Amino acid sequence: MDEILSLRARLNALNRAYYVDNQSLVSDQEFDEMMHRLEQLEAQHPECYDPESPTQRVGSDLTEEFRQVRHERPMLSLGNTYSRAEVADFYQRVSEGLSGQPFQICCEMKFDGLSISLIYKEGRLVRAVTRGDGSVGDDVTANVRTIRSVPLVLPDGEDWPREFEIRGEVLMPWQSFNRLNLEREAQGEPLMANPRNAASGTLKSKNPAVAAQRGLDVRLYYLLGDGIPGRSHYDNLMAAKRWGFKVGEEMRLAHSLEEIYAFIDDMDHVRHHLPVATDGIVLKVNDLGQQQSLGLTAKSPRWAIAYKFQAEMQETRLLDVTFQVGRTGAVTPVANMEPVLLGGTTVRRATLNNEDFIRQFDLHMGDTVQVVKGGEIIPKIVGVRADLRDGHTGAPVVFATACPECGTPLVRFEGEAAHYCPNQTGCPPQIKGRIEHFISRKAMNIDSLGPETVDDYFRRGLIHDVADLYRLRQEDLAGLTGERMKSAQRIIQGIDQSRDVPFERVLFALGIRFVGEIAAKSLARAFKDMDALREATAAQLMQVDGIGEVIATSVVAWMGDAANRELLERLRQAGLRFALSEQQLSQHSDRLAGQSIVISGVFRHHSRDEYKALIEQHGGKNVGSISGKTTLVLAGENMGPAKLEKARKLGIRILGEDEFLSMYSL
């Protein structure tokens, strides 16, 4: 259970960083390894099912600054592979799924940008929407219209349908990326980490002029619609190319596994000379009828897969090791190295993970280390050249024994790899980290504040904990001459508005260890108010569905701490909501009590997430896979045939969308 919770929290944080904050904190392979591990653990422990687990969701890039639009057809992500053996497994699954009938695979480059859906009607671009959460995306039409490679009006005389959708990636070419970073460096601004992040940030700019100046580009890779001209994916992209769309030039049809391998080998060399960033190839069944026959899973199509190239590696020299303290008190060692060029950027620092990692490599100061930076992200040391050590190599790297920020002796909990600073109330990075968590969008949503502002207020002594936010005055923030009056007004207004945040988000905002969004919702619904939760025993907490011993013990310990009780009282006096509202209580019912429901397929009236919330609201339980304990299947369009057959064999009731809503008066 501890590992499941830890993986969920880590993956949720990584998803948030990647899709919303445009920060890639780990390699794609490391992310996928964590995801696969979580999938295995959840399969082994179905009692730990959580509908909001990262395994059940498509990562989201939604932001509140843009109007959100529902996709007519869901935009799913692709499963990733990293070896030829996994490609062979995919090829075999396709062959079995098509009962041995012949098929072709369209091989394409995988461009590293931001997914986009372009809608055309009567030959004109009418809407551009990001992938978002797969069901709903951000309307970024105004910014996309500034991209010169996106046709606004299609040429007459071609066979384009009256209405269609074409999907692809918005990219920032290397030339534009390097120019942008030179400009930012000259202005003293932080540099963009990689082209993908730069493209994402540009596309989400509120000012289309910014997008126009930065030289974005696109590569389109999939055509959808009732009137599309061809019955094969390749033919449709060739048609789109005739209409003026920019598609990948490196496409090739493969008739065998050997031809796929040849494409992989060729593109592994070609990719280094392309004008835009790539991180692999995509393999798609070419025939559209065969694609439909193979169908979809909840997250990805069965007829396509991505193969990721191995990360680029370079050697450099380790100069020093420093230690950083995170919000939870976890201490992370960081390698400081001689600069080396990786993935188009200069790398000087790399993560060393933890003490076990350092011991594994027997790391010494001055060692020659091997560094990878797959996908132009945060680098990682993957090896040490011990054979190159000489008389000038320094002493072994020793992990810190005291917090580098506050000097408190570090602790290491049984079963965990990380060391922690236990000084939660006196260690500056932990204090600031908890405040940053408290103000985040999914917590108190004080979007007028940011990490830099929090750091500034902390250093000036204006805030020492989250309760101090509600004591800030406009004159404290405006400066001696009032030069920051407008920003001060926005900040105070944002803090005031946070008093209306519902109880379950207040509970999540407190940052109790292991209490994520879902656990906070469950606890809020079960105990109704903070007083009841504060006095609950571990045994009472564990009666709540989804709350195990780890979470229960953490909540009891947090609520029992005198400093935390004082903090709660100050927040109560500040006017935060410490109970469910009457409206929230009235919206709940037991119409679905006792029902364990599997949701499968694509829906018209609500998104999958909305149905999951509806089920929980009315007393039901969301489960991820069909078993003897499942009581009901909510079946949308394109439900997987294997799942449908299993439900029928087990005699489980299957309801369509309209029937489900009508039967339970939802």
Side-chain angles (χ1 to χ4, degrees), residues 18 24 26-32 77-87 90 105-116 149 167-181 192-200 215-222 233-234 237 241 245-254 257-284 304-315 340-347 370-380 382:
Y18 186 81
S24 302
V26 298
S27 69
D28 289 343
Q29 185 166 357
E30 189 174 350
F31 180 92
D32 289 330
S77 57
L78 294 179
N80 291 328
T81 64
Y82 295 90
S83 70
R84 295 184 182 225
E86 291 175 323
V87 170
F90 164 73
I105 296 292
C106 186
C107 307
E108 309 166 33
M109 292 301 298
K110 184 177 184 299
F111 297 102
D112 194 15
L114 187 73
S115 297
I116 197 74
S149 51
R167 294 175 177 176
E169 298 281 312
V170 174
L171 308 162
M172 180 171 284
W174 286 111
Q175 184 177 4
S176 299
F177 174 72
N178 293 332
R179 184 181 69 244
L180 174 62
N181 267 347
M192 291 287 188
N194 55 60
R196 188 266 170 198
N197 290 4
S200 179
L216 294 176
D217 201 354
V218 294
R219 295 293 188 279
L220 288 310
Y221 55 64
Y222 201 69
H233 170 65
Y234 183 87
L237 286 188
K241 185 177 180 180
F245 290 104
K246 196 167 187 177
V247 301
E249 297 292 339
E250 301 77 18
M251 284 191 298
R252 186 186 305 172
L253 285 177
L257 194 56
E258 289 68 28
E259 290 184 10
I260 294 175
Y261 290 158
F263 182 82
I264 291 174
D265 291 337
D266 290 346
M267 293 305 107
D268 203 6
H269 296 290
V270 168
R271 65 187 177 109
H272 297 292
H273 307 288
L274 293 176
V276 293
T278 62
D279 58 356
I281 66 171
V282 175
L283 307 173
K284 300 172 185 170
I305 201 165
Y307 170 87
K308 294 294 190 75
F309 292 123
Q310 292 298 311
E312 182 183 351
M313 185 176 71
Q314 294 287 358
E315 293 185 352
V340 61
L341 191 65
L342 264 179
T345 58
T346 300
V347 171
Q370 297 169 322
V371 189
V372 299
K373 191 168 184 270
E376 292 74 49
I377 55 163
I378 286 183
K380 178 180 179 180
V382 295

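Predicted model only: the values in this text are computed from it and were never measured. Atom set for the values below is all heavy atoms of this structure, side chains included, hydrogens, waters and symmetry mates excluded.
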Are side-chain heavy atoms of [X] and [Y] found at a separation under 4.5 Å?
X	Y	answer
Tyr234	Lys284	no
Glu169	Ile116	no
Ile105	Phe90	yes
Phe309	Asp279	no
Leu341	Gln314	no
Met251	Cys107	no
Val87	Leu283	yes
Pro195	Trp174	yes

Side chains of Ser149 and Asp217: is there a donor and an acceptor less than 3.5 Å apart?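 Checked: Ser149/Asp217 side chains pair up, N/O donor to acceptor below 3.5 Å.
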
Salt bridge or not between Asp266 and Arg252? Use side-chain N to carboxylate O under 4.0 Å.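 Judged by the 4.0 Å cut-off on N to carboxylate O distance, Asp266 and Arg252 do form a salt bridge.
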
Are Glu249 and Arg219 close enough for a salt bridge, meaning some N to O gap below 4.0 Å?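 Looking at Arg219 together with Glu249, the answer is no, because their closest N to O distance does not fall below 4.0 Å.
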
Could you go step by step and tell me if Val371 and Glu315 meet the side-chain contact (heavy atoms from CB on, under 4.5 Å) rule? CA-CA 6 Å; Val371 189; Glu315 293 185 352; over 6 Å; no

[X] to [Y] - nearest heavy-atom pair and separation:
X	Y	result
Leu216	Ala199	CD2-CA, 3.9 Å
Met172	Ala198	SD-CB, 3.5 Å
Tyr307	Tyr82	CE1-C, 3.9 Å
Val218	Lys246	O-CD, 3.6 Å

Find the distance between [atom1] ([X]) and [atom2] ([Y]) and round it off to the nearest 0.5 Å.
X	Y	atom1	atom2	result
Leu180	Gln175	CG	CD	12.5 Å
Lys110	Ile305	NZ	CD1	12.0 Å
Gln370	Met313	CD	CE	4.0 Å
Ser176	Leu171	OG	CG	10.5 Å
Phe31	Asn80	CZ	CG	9.5 Å

For the residue pair Arg167 and Tyr221, would you count it as a cation-pi contact if the rule is NZ or CZ under 6.0 angstrom from the ring centre and within 45 degrees of the ring axis?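 No - Arg167 does not lie over the ring of Tyr221 by the 6.0 Å and 45° rule.
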
Would you say [X]'s side chain and [Y]'s backbone share a donor-acceptor pair under 3.5 angstrom?
X	Y	answer
Tyr261	Arg84	yes
Thr278	Asp112	no
Asp268	Ile264	no

Before you tell me yes or no, could you show the steps for Leu78 and Val282 under side-chain contact (heavy atoms from CB on, under 4.5 Å), namely the whole-Å CA-CA distance, both residues' side-chain angles and the distance that decides it to 0.1 Å? CA-CA 9 Å; Leu78 294 179; Val282 175; 3.7 Å; yes

From CA spacing to verdict: side-chain contact (heavy atoms from CB on, under 4.5 Å), Phe263, Ile281: CA-CA 9 Å; Phe263 182 82; Ile281 66 171; 3.7 Å; yes

Kindly indicate, with the supporting measurements, whether the criterion side-chain contact (heavy atoms from CB on, under 4.5 Å) is fulfilled by Arg196 and Leu114. CA-CA 7 Å; Arg196 188 266 170 198; Leu114 187 73; 3.6 Å; yes

Can you confirm whether more than 12 heavy atoms, excluding those of Glu86, are under 6.0 Å from its CD atom?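 Counting neighbours around CD of Glu86, more than 12 heavy atoms of other residues, nucleotides or ligands fall under 6.0 Å, so yes.
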
